[in-house]
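Heads up, the thing below is written out as structure tokens.
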Amino acid sequence: MILYLIADAPLRFAFLIFKYFPFGGVQRDMLRIANDCAASGHEVTIYTGEWRGDKPANTNLAGSIKVVLLKSSGLFNHQRHQSLIKAMANEVLLAKPDLVVGFNRMPGLDAYYAADPCFVERAHAERGWWYRLSGRYRFFAASEKAVMSTDTHCQVLLLTSHDQAVFQHWYGTQDHRFHVLPPSIPAQRFANIDRASARHHLRQEFGLQQDADVMLMVGSAFVRKGLDRAIVALAQLPEAIRNNTWLLAVGEDEAEPMIAIARQHGVADRVFIVAEGRADVPDLMMGADVLVHAARSELAGIVIIEALTAGLPVIVTGVCGYAGHVSDAGAGKVLPAPYEQADFNQALAEMLSSPNREQWHAAGLRYTANILANTSATVEADLLTQFANDKNATSNATATRTNSKKG
């Protein structure tokens, strides 16, 4: 059982993230956690190299959120990251916050929100030996070691329990430093959306008949999220189903390579690609018929939880960290590993022709409502508050012992 301690005085948190944009998964998590901390009366300063979109409003918050933009330099991406980390370290040294929280891996963190899989594991599994000689590899491997090494004290917030074993394989990180989080249920994003209106508006916007079936894919990095796989599955549907089915993909990436694949498979007229983030994704989820998420790799996949919260049935690859929630809920289909296109083709055809859609819809709603009712909605902020209080208590005890020796 975890005991969450609430500080008597406001705490000061430093949140470090390389860049913020409104539709990134970890970015949205970061801002949600910052809002939860500020709503509890604490002060959050977000240090970042880039901020796209509106900055946080402090209206109705007991505490505050401030964004500090820092400059970086370097020819390569990892060099710019290194420069930014140095600038962040300088700011933190001056600010002396109660807790330093990283949403990217870097030295000097008190807590790390692990939204990315183990870098070294992927470098060995997916790259050749030559990659591990590069400056990029050395930088990111060193940044990960600075967080996970047994020599550090950094607390690690994990999205899935699977990742603990992977990190411990490479670094031997102590068990007590890992904290597996329940999925955050974004019920408020869907609370005021009428499903019938959402279905009508989605089809009206894209010029579809009202009984059209819509497959929805949400996520940047189209190849990694498996958009090409979804296009092929659409093309392979039985003709009677395909003639009433369209695919809508939303995410920040290049559309043309995916459009070329759709042309190649003869379904370009059945694929809509919005190659930018959209603020109305909850409306799209409420209006679609199935979420397809055939990702090649996905540490967690908050979009999966969002779909379940919306009551949208899901087809997902088993490599996604949150895939287990789909099977536990009974709200869709999980594709086995290793991935086979034929499995996806069959699952999609079955879901679009199945009389069980309402059952999958209701199962997702029940499952997410149960999580929401039985877990703290502010679990990350609660943990960070506990970490800060523990850190301050340790510092005070050390200072007391030092002063006693001097006396």
Side-chain angles (χ1 to χ4, degrees), residues 13-31 34 45-53 55 66-95 97 100-149 151-154 156-157 163 166-167 170-171 173 219-225 251-254 257 277 296-299:
F13 294 103
F15 281 17
L16 314 183
I17 189 166
F18 289 157
K19 63 179 178 179
Y20 173 87
F21 54 99
F23 306 107
V26 64
Q27 285 78 11
R28 284 162 41 201
D29 285 346
M30 182 277 298
L31 191 55
T45 302
I46 302 170
Y47 298 95
T48 183
E50 179 183 348
W51 190 281
R52 290 160 54 187
K55 292 184 179 177
K66 181 173 69 172
V67 176
V68 176
L69 286 170
L70 301 172
K71 294 182 179 180
S72 62
S73 60
L75 181 61
F76 298 107
N77 195 43
H78 69 274
Q79 292 173 332
R80 290 189 290 273
H81 287 334
Q82 198 163 25
S83 172
L84 181 58
I85 289 171
K86 184 177 180 180
M88 288 175 169
N90 290 336
E91 291 288 332
V92 167
L93 187 64
L94 292 172
V100 181
V101 185
F103 293 82
N104 300 103
R105 289 168 281 221
M106 64 188 76
L109 301 180
D110 297 309
Y112 167 59
Y113 185 83
D116 293 312
C118 178
F119 173 79
V120 172
E121 169 79 11
R122 291 184 66 185
H124 281 76
E126 301 174 10
R127 302 276 195 144
W129 61 267
W130 50 268
Y131 175 70
R132 296 192 291 276
L133 301 177
S134 67
R136 184 182 190 279
Y137 172 82
R138 290 195 299 271
F139 166 75
F140 283 109
S143 297
E144 186 167 84
K145 184 177 181 180
V147 172
M148 297 294 174
S149 169
D151 297 330
T152 67
H153 65 274
C154 182
V156 182
L157 305 185
D163 300 291
V166 178
F167 284 123
W170 290 101
Y171 301 103
T173 317
S220 302
F222 288 150
V223 172
R224 186 164 66 84
K225 303 295 185 181
E252 296 191 353
D253 203 348
E254 293 293 329
R296 288 173 167 85
S297 67
E298 184 75 271
L299 181 67

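No experiment lies behind these values; they were computed from the predicted model shown. The figures here come from the full heavy-atom set of this structure, side chains too, leaving out hydrogens, waters and symmetry mates.
- Looking at every heavy atom in both residues, Phe167 comes nearest to Pro117 through CZ-C, 4.3 Å.
- Residues satisfying the salt bridge (charged side-chain N to carboxylate O under 4.0 Å, His left out) test with Arg296, not counting sequence neighbours, are Asp228.
- Put simply, the side chain of Arg224 reaches to within 4.5 Å of the side chain of Glu298, judged on heavy atoms.
- Heavy atoms only, all atoms of each residue included: Gly128 and Arg132 are closest at O-NH1, 3.8 Å.
- Taking the side chain as every heavy atom from C-beta outward, Leu70 and Thr48 never approach each other to under 4.5 Å.
- With rounding to the nearest 0.5 Å, the separation of OH in Tyr131 from CZ in Arg136 is 3.5 Å.
- Val147 and Cys154 get closest at one heavy-atom pair: O-CB, 3.7 Å.
- Within a 6.0 Å sphere centred on CD of Glu50, heavy atoms belonging to other residues, nucleotides or ligands number more than 12.
- Counting heavy atoms from C-beta outward, Met148 and Trp170 have side chains that stay 4.5 Å or more apart.
- The minimum heavy-atom distance between Ala141 and Val120, with the atom names listed, is CB-CG2, 4.1 Å.
- The structure places OG of Ser83 at 10.5 Å from CE of Met88, a figure rounded to the nearest 0.5 Å.
- Here the side chains of Val92 and Pro97 are in contact, with some heavy-atom distance below 4.5 Å.
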Q. Would Arg105 and Phe140 satisfy side-chain contact (heavy atoms from CB on, under 4.5 Å), going step by step from the backbone distance to the final call?
A. CA-CA 8 Å; Arg105 289 168 281 221; Phe140 283 109; over 6 Å; no
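- If you check the side chains of Glu144 and Tyr171, you find a donor sitting under 3.5 Å from an acceptor.
- Between the CG atom in Leu299 and the CG atom in Asp116 there is a gap of 7.0 Å [rounded to 0.5 Å].
- Taking NZ from Lys66 and NZ from Lys55, the interatomic distance works out to 11.5 Å, rounded to the nearest 0.5 Å.
- Leu31 places a side-chain heavy atom less than 4.5 Å from the side chain of Tyr20.
- When all heavy atoms of Ala146 and Pro107 are compared, the pair lying nearest together is CB-CA, 3.7 Å.
- Proximity of a side-chain donor or acceptor of Arg80 to a complementary backbone N or O of Leu75 within less than 3.5 Å is detected.
- A distance of 6.5 Å separates CZ of Phe18 from CG of Leu84, quoted to the nearest 0.5 Å.
- Side-chain atoms of Ser143 come within 3.5 Å of backbone N or O of Phe139 as a donor-acceptor pair.
- Scanning all heavy atoms of the two residues, the minimum distance from Ser134 to Tyr137 falls at OG-N, 3.1 Å.
- Checked options Val26, Ile17, Val156; the residue passing with Tyr113 is Val26 (criterion: side chain to side chain contact (heavy atoms under 4.5 Å, CB included)).
- In this structure, CD in Glu252 is found 6.0 Å from CZ in Phe21, a value given to the nearest 0.5 Å.
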(Q) Run the side-chain contact (heavy atoms from CB on, under 4.5 Å) test on Arg122 and Ser297 for me, step by step, so that the C-alpha distance in whole Å, both residues' side-chain angles and the decisive distance to 0.1 Å come before the verdict. (A) CA-CA 10 Å; Arg122 291 184 66 185; Ser297 67; 3.7 Å; yes
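- Using a 4.5 Å heavy-atom cutoff, the side chains of Arg52 and Gln27 are not in contact.
- For Asp110, the salt bridge (charged side-chain N to carboxylate O under 4.0 Å, His left out) test picks out Lys391, with sequence neighbours left out.
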Q: Any chance you could lay out the side-chain contact (heavy atoms from CB on, under 4.5 Å) test for Lys86 and Asn90, step after step, and finish with the verdict?
A: CA-CA 6 Å; Lys86 184 177 180 180; Asn90 290 336; 4.3 Å; yes
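- Pairs passing the side-chain hydrogen bond (donor to acceptor under 3.5 Å, both in side chains) check and including a residue from residues 67-78, sequence neighbours excluded, read Asn77-His81.
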Q: Would you sort out whether Tyr112 and Met106 count as a side-chain contact (heavy atoms from CB on, under 4.5 Å), showing the intermediate values?
A: CA-CA 9 Å; Tyr112 167 59; Met106 64 188 76; over 6 Å; no
